[in-house]
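Inspection log for the structure reproduced underneath, given as structure tokens.
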2 protein chains.
Amino acid sequence: MTKQPPTRPRGEAMRRHILETALRLFSGAGYFNTSIHDIRREAGVSIGAIYHHFGNKELLARALYDDLLQRMDGDIQRAIASGEGTRAQCLAVIKKLFTLTEEQPATMSFILLAKHREFLSDHPSICSSQPFMAMRGVLERGMAQDEVRAMDPWVAATAMFGGALRMMNLALDGALESPLESYLQEVAECGWRAVKA
Amino acid sequence: MTKQPPTRPRGEAMRRHILETALRLFSGAGYFNTSIHDIRREAGVSIGAIYHHFGNKELLARALYDDLLQRMDGDIQRAIASGEGTRAQCLAVIKKLFTLTEEQPATMSFILLAKHREFLSDHPSICSSQPFMAMRGVLERGMAQDEVRAMDPWVAATAMFGGALRMMNLALDGALESPLESYLQEVAECGWRAVKA
DNA sequence: GTCTATAATCCGATAGAC
DNA sequence: GTCTATCGGATTATAGAC
């Protein structure tokens, strides 16, 4: 009993706590409408702690973005690995994307809707990030095996997943009546018809 | 010869001049990275003129957004009216969207990529704006005439146009090698296969 | 209507104690 | 590592002359 759970997280735990708070505020009000002082107040930590762990506001956003994108990349890779054949893999990817959107809307909102160029100066655009390249890769392999019609790989990827991504935007904007999962089969079927051989 | 063309626009002309300058800066650096003083300097007008015509920065952005969206709505409506049948109408819409993206990237970037929620507080989301509702309407009529498979109207609209919109995002991010128009036929074909009866 | 000058506020970042 | 107090600067918006 020498170790008491501290009221406030310290060290690495505090770092994660700050990241979680920043995600909530960034995705709610936006990066520019959220000040360091807002994060400080909401997280119940000091300004000094934030600057100690992240250096400045932009680096905090970058750390958050990298963290979320890496987690999403793992999810997408696992979804792809879980399926046999292009069609099943694409369905698994869309299913995972829909689940993430419903269960972690703040995360998906930050990744999909944020104009990262505005505060992540030299970061590569979201299109060329790992998870999106992996999705494109599925279609390219599908083409090599004649499961997918021969076409430009970008066109194939956007045709297969573009509808799903738009539906996620609609869900995040609160424009859909039913939960996103209820559209899964229809959306995946449309995507597949768009590209199948 | 009593009337000399003024070096700097005045009145309504100045209003438009300010809107054009704001669009260029907003779509380049983003709304929050653009200050009133930036617009003042770039447009060669005074702070007073800006506040006289628009009231404050947020109202300036709102006026710009409404203006661009109304113009886009007219373009989309005309594109729809130019075609016979669902397939031709959808092709015309995508063709117009691609042309606009290439010829007026600042406009399309501002409309598509901006997180308007961050600075247009109570504005309806982009999904429920006129041009996007019109695109959904095309698919609904197509369903009524059995040209399009029966399905949720949102799913049909995102399946038909989602790929095209993603391609526009890629083009605006500079991720595509060829001009957007060169993908037109493939993109439209994919969208149509996704929804056709 | 358009201008200049200035006010009021807020923000990101730093300094230094503990 | 975490805290409090504070600085310097930038930004939005206003006041008032022309």
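Keep in mind that this is a model prediction, so the values were computed, not measured. First the proteins, then the strands, lettered A, B, ... as listed; each starts at 1.
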Tabulate protein N/O versus nucleotide N/O from nucleotides 9-12 of chain D, keeping only pairs under 3.5 Å, one per line.
{"residue": "D:dT12", "atom": "OP1", "partner": "B:K57", "partner atom": "NZ", "Å": "3.0"}
{"residue": "D:dT12", "atom": "OP2", "partner": "B:I36", "partner atom": "N", "Å": "3.1"}

Restricting both atoms to N or O, compile the protein contacts to nucleotides 16-18 of chain D shorter than 3.5 Å, with distance only.
none

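Residues passing the side chain to side chain donor-acceptor pair (under 3.5 Å) test with A:E140 are A:R136, sequence neighbours excluded. Applying the side chain to side chain donor-acceptor pair (under 3.5 Å) rule to A:S125 yields the partners B:D173; only residues at least two apart in sequence or on another chain are considered. Applying the ring pair (Phe, Tyr, Trp, His ring centres under 6.0 Å) rule to B:F26 yields the partners B:Y31; only residues at least two apart in sequence or on another chain are considered. Scanning for ring pair (Phe, Tyr, Trp, His ring centres under 6.0 Å) contacts around A:H37 gives an empty result, with sequence neighbours left out. Every residue was checked against the side chain to side chain donor-acceptor pair (under 3.5 Å) condition with A:T101, not counting sequence neighbours, and none meets it. Looking at residues two or more places apart in sequence or on another chain, you find a salt bridge (Lys or Arg N to Asp or Glu O under 4.0 Å) between B:E189 and B:R87, B:R193. Evaluation of the ring pair (Phe, Tyr, Trp, His ring centres under 6.0 Å) rule for A:F32 yields B:F32 as partners, not counting sequence neighbours.
Dashed line: the shortest gap from a side-chain N or O of B:S46 to OP1 or OP2 of C:dT2 is not under 4.0 Å. For A:H52 and D:dC3, the shortest distance from a side-chain N or O to OP1 or OP2 is not below 4.0 Å.
Side chain of A:D38 to backbone of A:T34: no donor-acceptor contact under 3.5 angstrom is found.
Side-chain proximity of A:A49 to the nucleotides C:dT2, C:dC3, D:dT2 is greatest for D:dT2.
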